[in-house]
S.K.: 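Below is a structure I'd like to ask you about.
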Amino acid sequence: MIMKQRRCSQNKLAAEIGKGQGWISDVVNGKGGLEFAKVIKTLSRVGWEVVIRPKREESDPVKRREFVTAAASVMFVPSPKVSPHEDPSYLAALAQRVARARYEHGGGATAATAVKHIRRIAPLVAGKDQKLQEAASNLAAETAWTLNDARRFDAGENVGGLALTLAHRSGSTDAQSRAYSVLANINAERGQQDRALTFAEAGARLREVSDAQQQWMKLRKGETRSHLPGQGNAGRDEIETVLGLLRDTGGFPGQSPFDVADMTGNAGVALANLGAYDEAQEALSQAVKLYGDSSPTTSALCLAHQSMAALRASHVHMAADYMLTLARVVPLINSPRVDGHVAKILTASARWGTVRGMRDARDQLKAVAHSPTRESG
């Protein structure tokens, strides 16, 4: 928010604060400033809150923006003249919290909370505040991703459709691209590949979007084509183009390290679908490394895909190693999407159940596995 208000870069703000640019980047991406977050969380347990606001100047005493704590994060205090859900900054903060909760705890644990906000922002479709509609679209898109992780596909597509409508109303092509991206992914995961490709191609046709969003839509097209008969080669070309650019540049302008990890991991999953197991393992391993400890849910998904890729390639001992690591992550999250992958891994690995190492890996994974859930309607 400070960078946006001052229209300055990370480097400039770092110089003013007296820190390095890397420190600013870590704070923005939730990987730094954790000591302060711990203080906030500790105080909140005894009924105290931390308020953060710009230093008030005598010449301009009314310009301010306050924050208060909510769990381990800082939330906006909206203007008393409007509802919190009519404040773009508030909605932006909510979108970040929905995403962070999904990464840390899984969609199964957080979907119900995320959906509550959708009922409040749906009426904004009829409004005229485009900045507010863009923020609402991004919140709806993050909620759709959460519903996708919870395997609530119908609800996810409905909320993704709301995100797209709000994005069109806002005029933001980046918001439209993000909405198309989640709709493509939801349909691909529920097995409706033709519909997924329609959304991916619509997103790819958008103009005046950021470089990162352009590459995301190219990757979505490649991922979808990896499942369609006769389109595997075209899909692989698109996936490898995106992956090559990531390797050469380390990420696109405006991308966070987390987003680079996410894109790399998605490319790895698509390569595994195409049977390019060695390339897939390399990309997935890089994604897990980039995620670090920031996202147990996405790390678990990468490990699940690595396990399946190794099993399909008959690399039994490699698969067992990935399965053992996965068994340590699964208890940390509630993700029906991960649970579904665990069930597939246990089925696929059964043929090697008597092999030493694999037997132990299967036992540990069974001990922590949850029953995968399906959406009933």
Side-chain angles (χ1 to χ4, degrees), residues 107 141 144-145 147-154 156-157 160-161 164 177-205 213-244 246 262-284 287 297-298 300-314 319 322 335-345 347-349 372-375:
W145 282 113
L147 290 165
N148 180 53
D149 191 65
R151 306 287 79 176
R152 293 174 58 183
F153 295 125
D154 288 345
E157 180 148 7
L164 184 58
S177 178
R178 285 188 284 270
Y180 280 125
S181 183
V182 67
L183 286 166
N185 190 264
I186 287 172
N187 280 279
E189 297 231 1
R190 75 192 307 181
Q192 296 183 0
Q193 304 301 336
D194 289 335
R195 185 170 171 78
L197 184 58
T198 298
F199 284 121
E201 289 178 334
R205 287 194 295 269
Q213 281 304 128
Q214 286 180 2
Q215 298 306 318
W216 264 121
M217 296 317 303
K218 183 178 290 186
L219 184 55
R220 292 285 176 240
K221 284 172 60 182
E223 287 177 303
T224 305
R225 285 175 169 166
S226 71
H227 293 282
L228 291 171
Q231 298 198 41
N233 289 335
R236 181 164 182 168
D237 287 344
E238 289 176 318
I239 295 162
E240 290 183 339
T241 297
V242 175
L243 203 51
L246 282 174
D262 206 19
M263 190 175 282
T264 303
N266 275 262
V269 172
L271 288 170
N273 290 335
L274 289 165
Y277 299 126
D278 290 342
E279 295 93 329
Q281 294 289 13
E282 181 181 353
L284 289 165
T297 302
T298 46
L301 287 167
C302 286
L303 288 165
H305 284 291
Q306 286 184 292
S307 300
M308 281 300 299
L311 289 170
R312 288 169 181 163
S314 297
Y322 288 132
S335 168
R337 185 182 183 191
V338 171
D339 295 341
H341 285 297
V342 169
K344 291 177 182 177
I345 291 167
T347 299
S349 62
T373 58
R374 292 179 179 270
E375 185 178 15

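On a predicted model such as this, the values are computed, not experimentally measured, just so you know.
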S.K.: Do Val242 and Asn266 have side chains that get closer than 4.5 Å, going by heavy atoms?
M.R.: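 The answer is no; the side chains never approach within 4.5 Å.
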S.K.: If only atom types and distance count, is the side chain of Gln193 paired as donor or acceptor with the main-chain N or O of Ala188 below 3.5 Å?
M.R.: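 It does hold such a pair.
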S.K.: How many angstroms lie between CG in Asn273 and CZ in Arg225, if you round to the nearest 0.5 Å?
M.R.: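 Rounded to the nearest 0.5 Å, the CG-CZ separation comes to 15.5 Å.
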S.K.: Among residues at least two apart in sequence or on other chains, which ones pass side-chain hydrogen bond (donor to acceptor under 3.5 Å, both in side chains) with Gln306?
M.R.: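 side-chain hydrogen bond (donor to acceptor under 3.5 Å, both in side chains) list for Gln306, sorted by chain: Gln281, Ser285, Tyr322.
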S.K.: Return the minimal non-hydrogen interatomic distance between Thr241 and Asp237, and the atom names on each side.
M.R.: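 It is OG1-O, 2.7 Å.
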S.K.: Using the rule given for side-chain contact (heavy atoms from CB on, under 4.5 Å), can you reason through Leu271 versus Leu243, listing the C-alpha separation, both sets of side-chain angles and the distance that settles it, and then say yes or no?
M.R.: CA-CA 10 Å; Leu271 288 170; Leu243 203 51; 3.8 Å; yes
S.K.: Residues two or more places apart in sequence or in another chain: which of them pass side-chain hydrogen bond (donor to acceptor under 3.5 Å, both in side chains) with Glu223?
M.R.: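 Partners of Glu223 by the side-chain hydrogen bond (donor to acceptor under 3.5 Å, both in side chains) criterion, ordered by chain and then number, come out as Arg220.
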S.K.: List the atom of Trp145, the atom of Asn185, and the distance in Å for their closest heavy-atom pair.
M.R.: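 So the two residues come closest at CZ3-OD1, 3.3 Å.
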S.K.: Could you measure the distance from the CZ atom of Arg337 to the CG atom of Leu301? Nearest 0.5 Å is fine.
M.R.: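 One gets 5.0 Å once the value is rounded to the nearest 0.5 Å.
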S.K.: Using the side-chain hydrogen bond (donor to acceptor under 3.5 Å, both in side chains) criterion, which residues pair with Ser349? Sequence neighbours excluded.
M.R.: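 Applying side-chain hydrogen bond (donor to acceptor under 3.5 Å, both in side chains) to Ser349 gives Arg362.
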S.K.: Working to the nearest 0.5 Å, report the span between CD of Gln215 and CG of Leu246.
M.R.: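 That separation rounds to 8.0 Å.
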S.K.: Search all heavy atoms of Leu311 against all heavy atoms of Ala348 and return the closest pair with its distance.
M.R.: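 Heavy atoms of Leu311 and Ala348 come nearest at CD1-CB, 4.0 Å.
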S.K.: Please name the pair of heavy atoms, one in Ala200 and one in Ala184, separated by the smallest distance, quoted to 0.1 Å.
M.R.: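 The answer is N-CB, 4.0 Å.
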S.K.: Test Asn187 against Thr198 for side-chain contact (heavy atoms from CB on, under 4.5 Å), laying out the working first.
M.R.: CA-CA 10 Å; Asn187 280 279; Thr198 298; over 6 Å; no
S.K.: Quick check against the 3.5 Å criterion: does Asn148 have a side-chain atom that pairs as donor or acceptor with the backbone of Ala144?
M.R.: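 Answer holds: no.
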S.K.: Backbone N or O of Ser177 within a donor-acceptor pair of the Ser181 side chain at under 3.5 Å?
M.R.: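 No; judged by distance alone, with no hydrogens or angles, the pair does not exist.
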S.K.: In Å and rounded to the nearest 0.5 Å, what is the CZ to CD1 distance from Phe199 to Ile186?
M.R.: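 Reported value, rounded in 0.5 Å steps: 9.0 Å.
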S.K.: Pick one: which of Arg152, Arg151, Arg195 meets salt bridge (charged side-chain N to carboxylate O under 4.0 Å, His left out) with Glu189?
M.R.: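 The salt bridge (charged side-chain N to carboxylate O under 4.0 Å, His left out) with Glu189 is passed solely by Arg151 among Arg152, Arg151, Arg195.
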S.K.: Hey, what do you get for OG (Ser226) to CD (Glu238), rounding to the nearest 0.5 Å?
M.R.: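 One finds 10.5 Å between OG of Ser226 and CD of Glu238.
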S.K.: Could you give the distance from CE (Met308) to OG1 (Thr347), rounded to the nearest 0.5 Å?
M.R.: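 Separation between the atoms: 8.5 Å.
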S.K.: Using every non-hydrogen atom in the two residues, find where His341 and Ala304 come nearest and quote the distance to one decimal.
M.R.: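 What the structure gives for the nearest pair is CB-CB, 3.7 Å.
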S.K.: Search all heavy atoms of Ala280 against all heavy atoms of Gly268 and return the closest pair with its distance.
M.R.: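 Heavy atoms of Ala280 and Gly268 come nearest at CB-O, 3.3 Å.
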